[in-house]
There are 2 protein chains.
Amino acid sequence: MMDKKKQKKLEAAGWKVGNAEDFLELTQVESDYISLKIALSRHLKTRRQSLRLTQKDFAGMIHSSQSRVAKMEAGDPGVTLDLLVKSLLTLKTPIEDIEKMLP
Amino acid sequence: MMDKKKQKKLEAAGWKVGNAEDFLELTQVESDYISLKIALSRHLKTRRQSLRLTQKDFAGMIHSSQSRVAKMEAGDPGVTLDLLVKSLLTLKTPIEDIEKMLP
DNA sequence: GTTAAATATGTCAAATTTGATATAAATTGA
DNA sequence: TCAATTTATATCAAATTTGACATATTTAAC
């Protein structure tokens with residue numbers, strides 16, 4: 001588990017991989033944090049699509065760009081929870097839906 | 001509502017205040033976003049205290065500094081949801097508690 | 001298959017957030 | 001009171017995230 005190859009892959013994708021200490025100490029938090037972000041991005045994509053909005057249109061709504069929306073929906077690690085949450089709020093995502101996504 | 005004086009006050013505290021268009025378009029989102037952050041920071045402080053941790057001790061747990069923890073708990077606008085959520089996850093905040101804080 | 005629209009991917013300067021540091025102010029316990 | 005601990009506030013260089021842009025790839029409609 002967690003061999004060099006997998007580590008390389010994760011790092012190439014932009015995920016941080018620390019040393020053994022950090023790994024043992026942070027893995028659960030990091031794991032939950034990543035899970036949350038992925039859940040939010042999936043929901044964002046689903047919701048945008050159900051509203052028949054293109055990424056470009058939605059980008060305009062949040063004063064951002066199509067490429068950044070694509071990154072959000074792709075679960076890009078370089079996207080903050082802040083941006084994701086603001087995006088969901090913009091689409092008036094019901095609170096219950098957000099709650100369901102929490103770890 | 002939203003006179004110059006109040007605007008000055010908000011800006012001095014670090015909150016963004018846009019023009020009329022942005023205001024009308026974003027206020028609900030911004031408001032919800034700020035509410036969420038404040039709820040999270042309050043909860044963080046409460047939980048840290050209930051665990052009898054000093055800000056310094058907790059800062060060590062999240063590899064940050066006492067001053068940043070103070071800012072988190074003060075609801076400083078220059079603190080991301082990411083940092084707040086990671087902090088709460090570190091303190092193993094029960095999911096139900098996080099749910100209760102949602103707008 | 002061709003075309004057009006939508007989405008994905010890469011890059012980058014500017015803006016924002018970060019941990020660290022210093023120090024002031026507040027709280028605690030004698 | 002007062003010294004020690006804790007918390008608040010300010011500043012800053014380094015790191016990260018941002019929107020914008022270019023361009024490649026995929027999807028959709030014909």
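Every chain is numbered from 1 and lettered A, B, ... according to where its sequence line falls, protein lines coming before strand lines.
- Among the nucleotides C:dT18, D:dT11, D:dT18, the one closest to any side-chain atom of A:Thr80 is D:dT18.
- The distance between atom CE of A:Met72 and atom C1' of C:dT9, rounded to the nearest whole Å, is 16 Å.
- Residue-level contact check: A:Val79 touches the backbone only, with heavy atoms under 4.0 Å from sugar-phosphate atoms and none from bases.
- Closest approach to the A:Lys71 side chain among D:dT11, C:dG10, D:dG19 is made by C:dG10 (side chain taken as heavy atoms from C-beta onward).
- What separates CZ of A:Arg52 from C1' of C:dA5 is a distance of 16 Å, to the nearest Å.
- Taking 4.5 Å as the limit, some side-chain heavy atom of B:Glu30 sits within range of a side-chain heavy atom of A:Lys86.
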Q) Taking it one step at a time, do B:Thr54 and B:Asp57 satisfy side-chain hydrogen bond (donor to acceptor under 3.5 Å, both in side chains)? A) CA-CA 5 Å; B:Thr54 66; B:Asp57 290 340; 3.2 Å; yes
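- Taking only side-chain atoms of A:Ser67, from C-beta outward, the nucleotide of D:dA20, C:dA6, D:dT6 with the closest atom is D:dA20.
- Ion pairing between B:Glu73 and B:Arg42 fails under the 4.0 Å rule for side-chain N and carboxylate O.
- In this structure, the nucleotide among C:dA6, D:dA8, C:dA8 sitting nearest to the side chain of A:Thr54 is C:dA6.
- Considering only the side chain of A:Leu83, D:dT18 comes nearest among C:dG19, D:dT7, D:dT18.
- Distances shorter than 4.0 Å separate none of the side-chain N or O atoms of A:Arg68 from OP1 or OP2 on C:dC12.
- Whole-Å rounding puts the A:Leu84 CG to D:dG19 P distance at 11 Å.
- For A:Leu53 and C:dA5, the CG to P distance is 18 Å, given to the nearest whole Å.
- With contacts defined as side-chain heavy-atom distances shorter than 4.5 Å, the pair A:Leu81/B:Thr80 does not qualify.
- Contacts of A:Ser65 with the nucleic acid, taken as non-hydrogen atoms under 4.0 Å apart, include base atoms.
- Under 3.5 Å, the side chain of B:Gln66 and the base of D:dA8 form at least one donor-acceptor pair of N or O atoms.
- Rounded to an integer number of Å, the gap from CG of B:Asp76 to C1' of D:dT7 is 14 Å.
- Put simply, NZ on A:Lys45 is 8 Å from P on C:dT7, counting in whole angstrom units.
- Using a 4.0 Å heavy-atom cutoff across all strands shown, A:Lys56 reaches no nucleic acid atom at all.
- In this structure, A:Phe58 places its CZ atom 16 Å from C1' of C:dA6, rounding to the nearest Å.
- In this entry the distance linking CD of A:Gln55 with C1' of C:dA8 reads 8 Å, nearest Å.
- The heavy-atom pair separating A:Val79 from A:Met72 by the smallest distance is CG1-CG, 3.6 Å.
- Evaluation of atom-type donor-acceptor distances gives no pair under 3.5 Å for the side chain of B:Lys86 against the base of C:dT18.
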